[in-house]
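Order of listing sets the numbers, starting from 1, for every ligand and every atom in it. Counting begins at 1 with the first residue of the sequence.
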Amino acid sequence: MHRKIIRFFGIRKFRFDLWVGIVILFITISLTHAQIIKPEKVTHFPVGTDYKLARWETITEYLRLLAADSDRVTLEERGKTTEGLDFVLVLISSPENLANLEHYKTIQRQLADPRGREEAELDGLCREGKAVVLINCNLHSTEVASSQMSMELAYQLATMDTPEVKEILENVILLLIPSTNPDGLNMVVDWYNRTLGTPYEGSSMPWLYHKYTGHDNNRDWFMLTQVETQIVTEILYEEWFPEVVYDVHQMGNSGARFVIPPYFDPVNPNIPPILQRTLALIGTQLAFDLTSNGFTGVLSNAVYDTWWHGGFRTVPYRHNMVGILTEAASVNIASPIFQPKASLKGHKRGLGGYAQQTNFPEPWPGGWWRLGDIIAYEEAAAYSILSLVAKRKEMFLKNFYKMGLRAVEKGKDEPPRAFLIPTAQRQPNTALKMLEILQRGGVEIHQANANFTADGVEYPQGTYVISMAQPFRAHAKDLLEAQRYPQRRSSPNAPPERPYDITGWTLPLQMGVRVVKVINEFEAELKRVEKIPKIQGKLHTIPETVAYFFKNQTNAETIALNRLLKEEEYTLHQSTTEHAIGNQEFPRGSILVTTTKILSQVGDDFQELAESLGIEIYALNHIPFKDPTTRLSQPRLGLYKPWVANIDEGWTRWVLEQHEFVYRNLTDAEIRAGSLAERYDVIILPDMRASAMIDGHAEGTLPPEYVGGIGSEGAANLRTFVVNGGTLICLNRATELPDKYFGLEITNVLDSSNQSNRKESEVERFFCPGSLLRIFVKKTHPIGYGLSREMAAFFKSGPAFEVRGGKEVASYPDFNPLMSGWIQGDKQIRRKGALWDVNLGEGHVILFGFKPQHRAQAHGTFKLLFNAIYYGVTGK
Ligand SMILES: [Zn+2]
């Protein structure tokens, strides 16, 4: 600017009036935005500079300064992340709107749940209200550009006075999340800076970018296990109810530069049609704006679909909110890349080759691709969306309440009318947990005040009722019903198309909760449940107590067991037969506790244990069984944590911690070093291919301490560990390791070693990329103790076994095992083994052909994993 003025002064004659005008203009501008500094004052480089990234502390420092200096920006701290950083929400709007946030929140709540209001009143609210748009940046930490972009976008909106920006500020309240995973942002920036200028520049980190979930932090949006997910869910479905939710991502860089809505098929039938049309409306405007502003390589109607539930963008669909995803081609974290046009390819779904077509009218010509390019696309997209919503604010608000009303009407007019959750459950705590998850996701829950009849069956007072006549019907219905993924073929003889993500997620099946779907209209006296209660646990006392006994068939009882194992004064035994005591049936696997303490003094401890966990513990006046073979000791448990960061390892760790297991992570080096039986009783291998375990990262791709896997010597050490009495639990694809390296007679009938990368032509024979399948469990095997004979297992690209020797613990039925999702070639898996216990030397290899702890959602099958862990230490 300074240079320009001097040049201007030099080439023109001095004009006093013009200069007075210019001086007054500058004074006005500097008074209006007197304190507002650019991001580079804090970052010390312009946002989007090659090789330069701001950490979380820097980004939030800048946004805090901006909020302090601009009356268009406020910043809220919304709690702490998993690893203790500030989780931040930035609100941007006109100063008048920001002064009335509570008022606009109230309007949003009324539009989200429009029941009981006249149309005229609702239309009045739409005129008065503001459109709320949430922009979410940097959910996936390596997709780093948007976190940097957030500073620039906030700065522009805080300082620009164009008519377009004024219209946005006037009509829109922008909720900007600069990063949903600040922990991962810092990890990625630190790793990038550490490797910058080395041969490892831009390499993947040898650990997950979220402590437990890694990339699966975008698979947690209905289950809500992680604190970051919970914080945002509260903003979405309890506080702000935004009309539009824009989730900014990056993808690989083999083809298009920017993928935008509308999306690819299939559509999920629960998503309102008007919402699909709104996606097309926004997508068309977005495509138009980007193309007219010179952005090339923009692809729509491709790759990503609207079938799957559980993502940041897809859960809002089930809440009548327009979820938008854009995916920009990535660079090497922040290092530019050069891509000749000939190197660019099409995409599997929607772009056969890298060439012009209707949904891709202007291919990017190739060349250098930089961090700054991604930021420019993302910023332009944000403006386009904000501007459209600002221009048609009332339409967006009206559609929002209309979708809510239609959902209520659909629930009244067509089946299912409701889902019932009986209070008598095999795992009552888990049933309530499921209700709690639904309620956090905005679902309304009722309970019957009196007995009632539905579909000709009488249900008792206390039964939980989830009516389908509610605004967020789609969310409740899609989680409670079974999915039927529509098989798609490009032509009648073509192989079935591979789904983008998993195809089935039904919560009651995953969690082992009994739910009844009601088809016909029914009447019941209901009261709204504001807070889901906890199960009241109980200690059943008896005179002359000599021991305590509990059934150990629920996840909550696992926590009790783990707490007791930590106390040296207690001796635990696990029953290997059923016992009837008084009017109670105790299944195999029930836990008997005796103590060296004086029993009268520990009664309070057991009462506290029963009440805090909501379980039943029974005092006994005799010892029903007790011999050394039934003794249960604290397992010395190891969980393999490879340097090839593994999401399943993260989820396993989460599930173990939630159930208070004591465990240690084993590294590649520790397994290579051997003598494992000296330190472990039980080792878990998470879901990963044998080759990834053996080889790890290739030499030269990461710093030397992170390359190489367990090696063939590690495989041999694991085998020795089993031969010497250890128990090796192999989850899903990890079963390949004992199959290939232990000399066991295992046949994987699905030959699914390469399932996740299958070609379309191979999909015809067998394919099942994430569905719930029925299994039958042997309750007489210790791993099946205390469980139902029949359950739903989450199957994802797993094996199914024929094994010589060993014992079958669970198997698939001799009919189609599909319960929810999609399966191709189900005959291949019928009658085959799902879970095997194979003897080797003194020890056991436990082969899981499915994912018993899948994304911390499969509460119904957790216990199979837990029992397998204890199986390694009974009688020792
Ligand atoms: Zn992503």
Side-chain angles (χ1 to χ4, degrees), residues 53 56 81 134-150 176-189 191-192 202 204-205 207-223 226 228-229 232 245-261 263-264 286 297-300 302-317 323-334 337 347-350 369 371 373-375 377-379 381-382 385 499-502 645-647 650-651 756 770 855:
L53 293 169
W56 183 239
T81 65
L134 185 143
I135 297 183
N136 181 51
C137 300
N138 191 230
L139 174 61
H140 289 150
S141 306
T142 48
E143 303 163 18
V144 74
S146 57
S147 63
Q148 315 292 304
M149 185 275 291
S150 68
L176 177 65
I177 300 177
S179 173
T180 351
N181 182 19
D183 299 342
L185 172 71
N186 278 357
M187 287 184 218
V188 165
V189 175
W191 180 256
Y192 178 71
S204 53
M205 288 192 303
W207 40 80
L208 297 172
Y209 56 61
H210 178 279
K211 186 176 178 186
Y212 298 107
T213 66
H215 198 76
D216 266 4
N217 64 356
N218 200 23
R219 301 291 182 275
D220 192 42
W221 293 98
F222 61 67
M223 201 64 195
Q226 302 298 310
E228 294 83 4
T229 329
V232 178
V245 174
Y246 172 25
D247 190 22
V248 190
H249 283 251
Q250 291 169 225
M251 56 182 179
N253 49 28
S254 62
R257 296 298 95 181
F258 206 54
V259 179
I260 64 168
Y263 301 105
F264 201 66
L286 196 46
V298 177
L299 174 66
S300 54
V303 194
Y304 310 97
D305 61 51
T306 54
W307 171 260
W308 161 71
H309 197 5
F312 195 101
R313 150 191 76 110
T314 60
V315 176
Y317 292 152
I324 295 168
L325 165 79
T326 64
E327 294 268 1
S330 293
V331 293
N332 221 357
I333 306 295
I337 54 172
H347 292 260
K348 255 195 187 141
R349 310 200 305 167
W369 183 246
L371 179 68
D373 294 327
I374 303 174
I375 290 174
Y377 275 71
E378 290 174 347
E379 211 182 330
I385 293 164
Y500 175 72
D501 209 286
I502 65 168
N646 181 281
I647 296 170
W651 282 122
S756 52
R855 291 175 179 162

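T180 and N136 share a side-chain donor-acceptor pair at under 3.5 Å. No hydrogens or angles considered: nothing links the side chains of H309 and Y317 as a donor-acceptor pair under 3.5 Å.
Between the CG atom of L371 and the CE atom of M149 there is a distance of 11.5 Å, given to the nearest 0.5 Å.
With 2.8 Å as the limit, E327 does not count as an N, O or S neighbour of the Zn ion (ligand 1).
Taking the Zn ion (ligand 1) as reference, H249 places its N/O/S atom ND1 nearest. Shortest distance from the Zn ion (ligand 1) to H140 is reached at ND1 (N/O/S atoms only).
Using a 4.5 Å cut-off on side-chain heavy atoms (C-beta onward), H249 and R313 make no contact.
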